Amino acid sequence: MSPLCSTSIRFTFRLRLLAMLLLWTLGDAAPAGAQGQPGVSGVVTSATSGKALAYAHVQIAGTSSVTVTNRNGVYRLTGLSSGPHVLVVTAVGSRPIQVAITVIDGQVAVVDVSMNPLPVLLGNVTVTGVSRGNEEIAGAPAAVSVLSAAEARDYAPTSQLPLALKTLPGVDAPQNDVNDFSFNTRGFNTTFNRRVLVLQDGRELGMPSVGAQDWNAMPFPLDDLKAIELVRGPGSALYGANAFGGVLNLYTPEVREVVGTKIALSGGTLGTRRLDLRRAALNRAATLGYQLNFGVNTSESWSRSRTGVGDLQREYAGVTNDSVRTPFPGFEVTPLKGQRVDGPLGTSAVGRPDPLVEYYGSARADYYASSGRVFTAEGGASRAKNQVNMSAVGRVQFTDLIRPWARVAMNTNNLTATAWWSGRKLLEPQIALAAGVGFEDLSHILHTEVRYQFRTLADRLRLVAGTSARTMLVNSNRTNIAPSEDDRADGYVAAYGLAEYNLTPTLRVVFAGRYDDGNLLKPQFSGKGALVFEPIKGHAIRGTINRAFQTPNVLERFVQFPAGLPLDLRPIEASLRTSSVGGALGSV
């Protein structure tokens, strides 16, 4: 059984980009302006060489009026409203520049721009997840890898994020189905792994009742992510429970970073078809913006039903020898949705499994205050159908589930306050294929967190302090949790702090600690210590010590459901009692 082939074709249309490319191809043949349409045009050049700068990005601040310079450095924007505007010009290797302009009705203003060089340090990558603050990756006090959105783009058609991460050091991500992975770092992997905490903009993506990831219910396309950071090793000192093998931080862009419209169409093997839509815009003052997202993805599954003798041999044909054995009457009693068992128990399933289907939709609003504060409110939902996942009791099929979520946040240079809610509801019972029984799940997490940081002692000391509280509600409708423990609410509280001090310009020491408590765990203290010596810029020697803990999830504590079909031994017992050994059984 081989994983989903990554062969795919992806078409991405950025409406404003099409206009830019058209302008570039016209070159100098294009007229300086359209008669009667107010606007601005000019030439962008290098201040040092005087040469034209091609592909420079030119935009009217706070609007979707944007273009790029052609091969001769020429740009043109028309259809602008009369009055004052701010022209923003950026280019790789040049210092960004803003120019105040005034557009007069019926005229095209001529504004030439000369840009000063700005050295680009390609190795100067900044991360934020290691010590909850911006720092260069080379001097970070932990092992951390960064995967850019461009590097993850090849996996965007199928949203198989763990496959993109498999190229990073220390990552182990066995694949059980198209979108089911046992993702872990630094070994000690299991079939049902949840030792890496996965966060999207600080919001945990794990299932509330189990803690593991619904990789098939990601509420975004991979190429819409701004950055992906994987911090390897224990991380409970700053992130709490289940940051056991590491922390995976996913960052999405602000509205002002993706202004415009994007349409992406994808297709590939296994009948993969995907559509992604995004629209983002700012008001004229660039203080308020909105973003809308929608997507749908369908494909076949490479999972097969295992209801008949020999199914495993056929499924693994060509990759194993004849040592694969299938229990009689079959490894599982229930076929995949869309199939049926035609005949007595033990017969292979017939028919075609229903396809995998995923939907997502979200809306976001950002407000940029003059004080520098950024306020964010967003929410959405993802829906997945016919997914097959591995669990502690074998394979289960989620025939229809929905994951709603919401988040509000405020960010300043020193203070971050956020609250998020994440839910999970099975619209149809999930089926344990080996047991043939269905389970329900209606669960929610409500989480609030406040973090404050500041620098002192001539900027040599950075201090971080934070606190969080969480309420988790889980209800299985008495299908897989003991009735006395079902429909429950559990609470957690935590406080943490970090001190980072530069002993010398090349030597830094870091200490962090966190206290966690809740009604499903004993009080836990997690510590962190690090010493970072950076004798040469971009090259560091690092020594760290970390402590982490993992809590049992609700199902691990209170699970109660059948592992298989009921087995009736009464016919065997009656036969034995009437046989020649019946007398020896006595009153057994």
Side-chain angles (χ1 to χ4, degrees), residues 6 8-22 57 59 62-68 148-161 164 178-179 200-201 203 205 214-228 250-268 270-283 286 288-299 355-366 376-387 400-407 422:
S6 61
S8 62
I9 303 174
R10 185 170 178 83
F11 304 96
T12 302
F13 305 97
R14 300 181 189 272
L15 300 184
R16 65 184 187 188
L17 181 57
L18 292 178
M20 298 177 196
L21 294 177
L22 179 60
H57 184 275
Q59 182 174 9
T63 75
S64 58
S65 296
V66 62
T67 187
V68 292
S148 69
E151 294 173 290
R153 188 168 294 133
D154 289 342
Y155 300 92
T158 54
S159 283
Q160 295 171 304
L161 178 58
V178 172
N179 289 304
Q200 176 198 344
D201 299 321
R203 180 176 67 88
L205 297 183
D214 271 332
W215 297 108
N216 47 32
M218 288 291 183
F220 49 79
L222 295 187
D223 54 349
D224 269 4
L225 287 172
K226 180 168 62 175
I228 304 170
L250 312 175
Y251 300 102
T252 58
E254 297 179 9
V255 173
R256 58 187 172 188
E257 296 174 313
V258 289
V259 171
T261 302
K262 186 187 86 168
I263 305 174
L265 300 173
S266 308
L270 288 181
T272 299
R273 298 183 299 274
R274 185 181 184 101
L275 167 67
D276 294 292
L277 304 173
R278 184 187 69 210
R279 170 63 184 170
L282 289 171
N283 65 353
L288 181 64
Y290 74 88
Q291 180 180 342
L292 302 174
N293 297 273
F294 170 78
V296 59
N297 179 31
T298 66
S299 72
L356 310 179
V357 182
E358 303 164 28
Y359 307 90
Y360 74 88
S362 65
R364 172 171 177 158
D366 286 343
T376 297
E378 60 178 339
S382 56
R383 185 175 180 180
K385 305 181 71 172
N386 307 321
Q387 309 289 333
D400 198 355
L401 69 88
I402 186 169
R403 293 290 308 269
W405 61 275
R407 183 178 76 98
S422 181

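Positions are given from 1 along the sequence. Just so it is clear, the structure is predicted and the values come from calculations on it, not from any experiment. The figures here come from the full heavy-atom set of this structure, side chains too, leaving out hydrogens, waters and symmetry mates.
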side-chain contact (heavy atoms from CB on, under 4.5 Å) between Leu205 and Leu250, intermediate numbers included | CA-CA 10 Å; Leu205 297 183; Leu250 312 175; 4.1 Å; yes
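Considering only residues two or more places apart in sequence or on other chains, Leu275 meets the side chain to side chain contact (heavy atoms under 4.5 Å, CB included) condition with Ile263, Leu265, Leu277, Val296. Taking the side-chain hydrogen bond (donor to acceptor under 3.5 Å, both in side chains) definition, one finds that Ser362 meets it with Asn293, sequence neighbours left out. A search for side chain to side chain contact (heavy atoms under 4.5 Å, CB included) contacts involving Asn283 returns Ala285, Thr287, Leu288, not counting sequence neighbours. In terms of the side chain to side chain contact (heavy atoms under 4.5 Å, CB included) criterion, residue partners of Ala406 (sequence neighbours excluded) are, by chain and number, Trp421. Partners of Arg407 according to the side-chain hydrogen bond (donor to acceptor under 3.5 Å, both in side chains) rule, which considers only residues two or more places apart in sequence or in another chain, are Glu378. Every residue two or more places apart in sequence or in another chain that forms a side chain to side chain contact (heavy atoms under 4.5 Å, CB included) with Ser422 is listed here: Arg203, Arg403, Trp420.
Here the shortest heavy-atom pairing between Leu225 and Thr252 reads CD2-CG2, 3.9 Å. Minimum heavy-atom separation, Asp400 to Arg383: OD2-NH2, 2.7 Å. Between Pro253 and Val258, the shortest heavy-atom distance links the atoms CG-CG1, 3.7 Å. Here the closest heavy-atom approach between residue Pro221 and residue Tyr360 is recorded as CD-OH, 3.2 Å.
Remark: His57 NE2 to Thr67 OG1 distance equals 8.5 Å, nearest 0.5 Å. Asn179 CG to Ser299 OG: the interatomic distance, rounded to the nearest 0.5 Å, is 6.5 Å. Summarising the geometry, atom CG belonging to Asp201 is positioned 8.5 Å from atom OH belonging to Tyr251; distances are rounded to the nearest 0.5 Å. Residue Arg364 holds its CZ atom at 11.5 Å from CZ of Arg278, rounded to the nearest 0.5 Å. A distance of 11.0 Å separates CD1 of Ile228 from CD of Gln200, quoted to the nearest 0.5 Å. In this structure, CD in Gln291 is found 7.0 Å from CG in Asp224, a value given to the nearest 0.5 Å.
Judged by distance alone, the side chain of Asp366 and the main-chain N or O of Val255 form a donor-acceptor pair under 3.5 Å.
Checked for salt-bridge contact, Arg274 and Asp276 meet the test: a charged N lies under 4.0 Å from a carboxylate O.
Side-chain contact between Trp215 and Gln160 is absent, with no heavy atoms from C-beta onward closer than 4.5 Å.
The side-chain contact (heavy atoms from CB on, under 4.5 Å) test with Gln387 is passed by exactly one of Leu356, Asp214, Val357: Leu356.
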